[in-house]
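Reviewing the structure listed below.
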Amino acid sequence: MNLVRLKRRADFLRVAKSGRRYATPGLVLQVAHRQAGTFGGSEASLGIGFTASKKVGNAVARNRAKRRLRAAVAIVMPRHAAANRDYVLIGRQATLRRPFTELQQDLLKALGRTKSLADGARDEP
RNA sequence: CCAGACGGCUGGACGGUCGCCGCCAUCGCCAUUUCAUUUGAUUGGGGAUGGGGGAGGAAAGUCCGGGCUCCACGAAAAACGGUGCCGGGUAACGCCCGGCGGGGGCGACCCCAGGGAAAGUGCCACAGAAAGCAAACCGCCGGCGCCUUCGGGCGUGGCAAGGGUGAAAGGGUGCGGUAAGAGCGCACCGCGCGGCUGGUAACAGCGGCGGCAUGGUAAACCCCACCGGGAGCAAAACCGAAUAGGGAUGGCGCGUUGGGCUGGGUUUCGGCAUUUGCCGUGACUUGGCCCGGCAGGCGUGUUCGCGCCGCCGUCCGGGUAGGUUGCACGAGGCGUCCGGCAACGGGCGUCCUAGAUGAAUGACCGUUCAGCGCCGCCAAAUAUGGGCCGUGGCGUGGACAGAACCCGGCUUACAGGCCGUCUGGCGCC
RNA sequence: GCGGGCGUAGCUCAAUGGUAGAGCAGGAGCUUCCCAAGCUUAAGACGAGAGUUCGAUUCUCUUCGCCCGCU
């Protein structure tokens, strides 16, 4: 399984419009099934995008929120996230101060509530 | 030592672990274009290892000024916007430097949109008699007239000192003068006019004349002088998928009927010609295009109805998504010498120093360095408490904030630290 | 990147450079057996800092916050 970064505004809009959504104290997760052949590859893949609005804070705070989300994704997603989906993680103000282990728990919980856990990988990290 | 003014620098250090974004080298993997065809070179994607690089003084706000790119354009004026003491610096500026004038501070020093109010218009609330044109509310006053309770009152006149209102009342202070007063006279100050001297100038100084005429407001309209074409790297250039539409071209297909235009074939008659034939004319037949009717097909809709009318392939151009360039050598940094009070300019030497694009520099740990808090020790002191300096232990502990085409300024945010110059005060020698 | 607008009482909005006003809400009182409605009454604000002016919510500059448009 390979991870693909979502980088186009159209991708973010599509996920926000058509996907499931779940909010935790540390982050907001949006998930959408990806259309067949969107990226052409036959093997299993998933797309991940990160975003943080101006409400999180200034540029330093927004970049920091997205960095923490990337770090949590690098630990949790490869084992626990279902493939052939696009994920968008939205940073919140609490993303900056929340302990990192709890941030990982938030991500895992959000995956479960959006029915996006990978098969056979439901044990704790 | 305390309090303060100004200018400049800095924006933690070292090590370890795990990570991020470009670049270079080497080595695998996947796909594939082109060239030669054991296979290699080339192109694209992704990976491993090693090497090297990777945010700021404000990168910020976007308040000004430029470079650069594209568009427009004969010049000027008008309109609109901006700037506004003088001189200099600069690519340019609303910036900077040096002066001048005004204001504040004991002082070092700081602040000022600081042209024009005798070109015109508007406004100046409340109060006040009066707010711009000269007037007189309470008042002051010699003479004359009348009245009188002999204190004075009224009228006629003269005046603006004093009172009062106001932010501001048609120069201010003092002396003289007068019935009382008044630039009425004089001195000083202010103002205006013209002169001399110094200064590039703003302006300053000196002496003369006038005798007050000219209230304030231009960050009210306005006048004068100067400056300004517009848009912005999401500019702009190049490459360019799929779909739809446009053009060219090949193949196949192209109902029926009426009319019009036009082309081909067969042929009648006439004319010309030596023959093939040419011209005109009529008949039959066969295509193309246009208009109309009927029929048909496709799409949509419950129906009425509405819309469209060839299909397939190849090529061409415009152009969207996307990509590449623009894009990191520049009004560049550092050092030094020269000119200049300075801003800055010039010469020489030397260095290359971020290029991301949902956007890279971070996280954790240890040691350390300032700082801060608490507790002690030494010293000082008549004593107690507190503070300063030195020193020990423990704890705490690093701000504001992230390049987005580039540069010069301004403004704003910021834990703190360091250096230099200067001012005022206290103490000691 | 470019441009526009708005900050006034707890809320929604007014106001030529001259004492900031209205409606609703909240407080007190009157009225009623009680409540509502009604009547009376007092309190309450110019986002912040400078400047111009005799005087600033208004004019100018800086700054903070919010909203909107184009690309």
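These values consider heavy atoms only, across backbone and side chains, with no hydrogens, waters or symmetry-generated copies. First the proteins, then the strands, lettered A, B, ... as listed; each starts at 1.
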> Does a nitrogen or oxygen in the side chain of A:Asn58 sit under 4.0 Å from OP1 or OP2 of B:G402?
Replying inline: yes

> If the P atom of B:A234 is compared with that of B:A72, how far apart are they to the nearest Å?
Replying inline: 22 Å

> Rounding to a whole Å, what distance do you find between A:Arg62:CZ and B:G402:P?
Replying inline: 8 Å

>> Restricting to non-hydrogen atoms, name the atom on A:Arg21 and the atom on A:Gln30 that form the minimum distance, rounded to 0.1 Å.
In response: NH1-NE2, 2.7 Å

>> Checking base pairs now: Watson-Crick or wobble, both atom distances under 3.5 Å. What partners B:U396?
In response: B:G371

> Mapping A:Ala59 and A:Phe50 onto RNA chain B by nearest heavy atom, which one lands closer to the 5' end?
Replying inline: A:Phe50

> Side chain of A:Arg64: nearest nucleotide among B:G402, B:G362, B:G358?
Replying inline: B:G362

> B:C20 C1' sits how many Å from A:Leu69 CG, rounded?
Replying inline: 15 Å

>> Ignoring hydrogens, what is the shortest heavy-atom contact between A:Ala72 and A:Phe100? Give both atom names and the distance.
In response: N-CZ, 3.7 Å

>> Does A:Arg68 reach a base, just sugar-phosphate, or nothing at all? Heavy atoms under 4.0 Å.
In response: nothing

> Counting side-chain heavy atoms from C-beta on, which of B:G358, B:A360, B:U361 comes nearest to A:Arg67?
Replying inline: B:U361

> Should C:A36 form a Watson-Crick or G-U wobble pair with both distances under 3.5 Å, which nucleotide is its partner?
Replying inline: none

>> Measuring only the P atom in each nucleotide, how far is B:U32 from B:C289? A whole number of Å is fine.
In response: 48 Å

> Would you find a donor on one side and an acceptor on the other, under 3.5 Å apart, between the side chain of A:Thr114 and the backbone of A:Ala110?
Replying inline: yes

>> Return the pairing partner of B:G183 with a 3.5 Å limit on both distances, Watson-Crick or G-U wobble; otherwise return none.
In response: none

> Going by a 90° cut-off around 0, is B:G4 syn or anti?
Replying inline: anti

> Can B:G28 be described as syn, meaning its chi torsion is within 90° of 0, or is it anti?
Replying inline: syn

> Which residues pass the side-chain contact (heavy atoms from CB on, under 4.5 Å) test with A:Thr51, sequence neighbours left out?
Replying inline: A:Phe12, A:Val88, A:Ile90

>> For B:A182, does the O4'-C1'-N9-C4 or O4'-C1'-N1-C2 angle fall within 90° of 0, making it syn, or is it anti?
In response: anti

> Which atom names give the shortest non-hydrogen contact between A:Ala52 and A:Arg62, and what distance separates them?
Replying inline: O-CD, 3.6 Å

> In terms of heavy-atom contacts, does CZ of A:Arg98 have more than 12 from other residues, nucleotides or ligands at under 6.0 Å?
Replying inline: yes

> Using purine N1 to pyrimidine N3 plus N6-O4 or O6-N4 for Watson-Crick, or N1-O2 and O6-N3 for G-U wobble, each under 3.5 Å, what pairs with C:C11?
Replying inline: C:G23

>> What's the gap between B:U357 and B:G47 when it is taken at their P atoms, as a whole Å value?
In response: 14 Å

> Roughly how far apart, to the nearest Å, are B:G345 and B:U391 at atom P?
Replying inline: 49 Å

> Closest approach of A:Leu103 and A:Leu27, non-hydrogen atoms and distance?
Replying inline: O-CD2, 4.1 Å

> Distance between the P atoms of B:A55 and B:G355, in whole angstroms?
Replying inline: 10 Å

>> Taking only the P atom of each, what is the distance from B:G82 to B:C63 in whole angstrom?
In response: 14 Å

> Any idea if C:G21 is syn or anti, going by the 90°-from-0 cut?
Replying inline: anti

> Taking a pair as Watson-Crick or G-U wobble with both distances under 3.5 Å, which nucleotide is matched to B:A5?
Replying inline: B:U421

> Measuring from A:Lys54:NZ to A:Asn58:CG, what's the distance to the nearest 0.5 Å?
Replying inline: 10.5 Å

> Are OP1 or OP2 of B:G362 and a side-chain N or O of A:Asn63 less than 4.0 angstrom apart?
Replying inline: no

> Paired with B:A381: which nucleotide, if any, by Watson-Crick or G-U wobble criteria at under 3.5 Å for both distances?
Replying inline: none

> If anything within 90° of 0 is syn and all else is anti, what is B:G385?
Replying inline: anti

> Hey, are the side chains of A:Tyr22 and A:Lys109 touching, using non-hydrogen atoms and a 4.5 Å cut-off?
Replying inline: yes

> Just how far, in rounded Å, is C1' of B:G402 from NZ of A:Lys54?
Replying inline: 15 Å

> At what angle, to 10 degrees, do the two end axes of the helix from B:G255-B:C294 to B:U267-B:G282 meet, given five pairs define each axis?
Replying inline: 20°

>> Does the structure show a Watson-Crick or G-U wobble partner for B:C150, both distances under 3.5 Å? Name it, or say none.
In response: none

> Can you tell me how far CD1 of A:Ile75 sits from CZ of A:Arg70, rounded to the nearest 0.5 angstrom?
Replying inline: 13.5 Å

>> Suppose we define a pair by two distances each less than 3.5 Å, Watson-Crick or G-U wobble; what does B:A354 pair with here?
In response: none

>> Could you tell me how far apart A:Lys66 (NZ) and B:G358 (P) are, to the nearest whole angstrom?
In response: 9 Å

>> Reading RNA chain B from 5' onward, which residue's closest nucleotide shows up sooner: A:Ala61 or A:Arg70?
In response: A:Arg70

>> Could you tell me how far C:A36 sits from C:A42 if I compare only their P atoms? Round to whole Å.
In response: 22 Å

>> Would you measure the distance from the C1' atom in B:C138 across to the matching atom in B:A160 and give it in whole Å?
In response: 13 Å

